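Worksheet: the structure to be examined is printed underneath.
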Amino acid sequence: VQLQASGGGSVQAGGSLRLSCAASERTFGNYAMGWFRQAPGKEREFVAGISRSGLNTAYPDSVKGRFTVSTDNGKNTMYLRMIGLKPEDTAVYYCAAGVRPASDYTPRSRPREYDYWGQGTEVTVSS
């Protein structure tokens, strides 16, 4: 599957953005999906995940309550809605898809659990 992330930009602290991840094929029910980010000089960090079943989501404490992951299965697109953005949210954001068994209902949070990656979209939050 090929993934293309978009929607990044520059916003002021407290602002919002919606990132999109367009997939080349149907992902709902076939892949676990996730969003990660990487700031300069830092490791890639998990920010949101949705299980293969689409029933379960997961977020780290750093974004919980501010970020929401969702999918539009008719458009083969995953979204990341981000509100209350902070300067520390500044990073390149990547979407990813992971091949998981049909019995897997758990969102995945480790980069090694994902097999396909989009090219990244940059988010800059100024104070």
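Because the structure is a prediction, the values reported are computed rather than measured.
Thr124 places none of its side-chain heavy atoms less than 4.5 Å from the side chain of Val11. Counting heavy atoms from C-beta on, the side chains of Met33 and Leu3 come closer than 4.5 Å. In this structure, the side chains of Cys21 and Trp35 come closer than 4.5 Å at one or more pairs of heavy atoms. Between Val123 and Leu19 there is a side-chain heavy-atom pair separated by less than 4.5 Å. By the 4.5 Å heavy-atom criterion applied to side chains, Trp117 and Arg44 are counted as neighbours. Ser51 places none of its side-chain heavy atoms less than 4.5 Å from the side chain of Thr106. Leu80 is listed as a side-chain neighbour of Val47, based on a closest heavy-atom distance under 4.5 Å. With a 4.5 Å cut-off on side-chain heavy atoms, Cys95 and Met78 count as touching.
To the nearest 0.5 Å, atoms OG (Ser109) and CD (Glu45) are separated by 11.0 Å. A distance of 8.5 Å separates OG in Ser10 from CG in Leu17, rounded to the nearest 0.5 Å. To the nearest 0.5 Å, atom CG of residue Asn76 and atom CZ of residue Arg26 are 7.5 Å apart. Taken from CD1 in Ile50 to CG in Leu55, the straight-line distance is 8.5 Å, to the nearest 0.5 Å.
Taking all atoms of both residues into account, the shortest heavy-atom contact from Ile83 to Gly65 is CD1-O, 4.3 Å. Scanning both residues, Pro107 and Ala58, for their nearest heavy atoms gives CB-CB, 3.7 Å. Closest non-hydrogen pair, Pro87 versus Ser127, comes out as CG-CB, 3.9 Å. Contact record, Thr90 with Ala39: O-CB, 3.7 Å, taken as the closest heavy-atom pair. Shown here for Ala32 and Arg108, the closest heavy-atom pair between the two residues is CB-CG, 4.3 Å.
The list of ring-ring contact (aromatic ring centres under 6.0 Å, His included) pairs with a residue in residues 45-89, not counting sequence neighbours, reads Phe36-Phe46. Judged as a salt bridge (Lys or Arg N to Asp or Glu O under 4.0 Å), the pairs with a partner in residues 73-92 (not counting sequence neighbours) are, in order, Arg37-Asp89, Arg66-Asp89.
Not a single donor-acceptor pair under 3.5 Å links the side chain of Gln38 to the backbone N or O of Ala91. A distance-only check finds a donor-acceptor pair linking the side chain of Asn56 to the backbone of Tyr105 [under 3.5 Å].
Counted within 6.0 Å of CD on Gln119, heavy atoms from surrounding residues, nucleotides or ligands total more than 12; the atom is thus considered enclosed.
Note that Arg100 lies outside the cation-pi zone of Tyr31, set by a 6.0 Å cut-off to the ring centre and a 45° limit from the axis.
Cluster annotation: Val92 and Val63 are assigned to distinct hydrophobic clusters (Ile/Leu/Val/Met/Phe/Trp/Tyr, side-chain heavy-atom contacts under 4.5 Å, transitive).
The side-chain contact (heavy atoms from CB on, under 4.5 Å) search around Glu43 returns none, not counting sequence neighbours.
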Exercise for review: Start with the C-alpha distance between Val99 and Tyr116, add both sets of side-chain angles, then the distance that settles side chain to side chain contact (heavy atoms under 4.5 Å, CB included), and finish with yes or no.
Suggested key: CA-CA 9 Å; Val99 178; Tyr116 304 97; 4.0 Å; yes

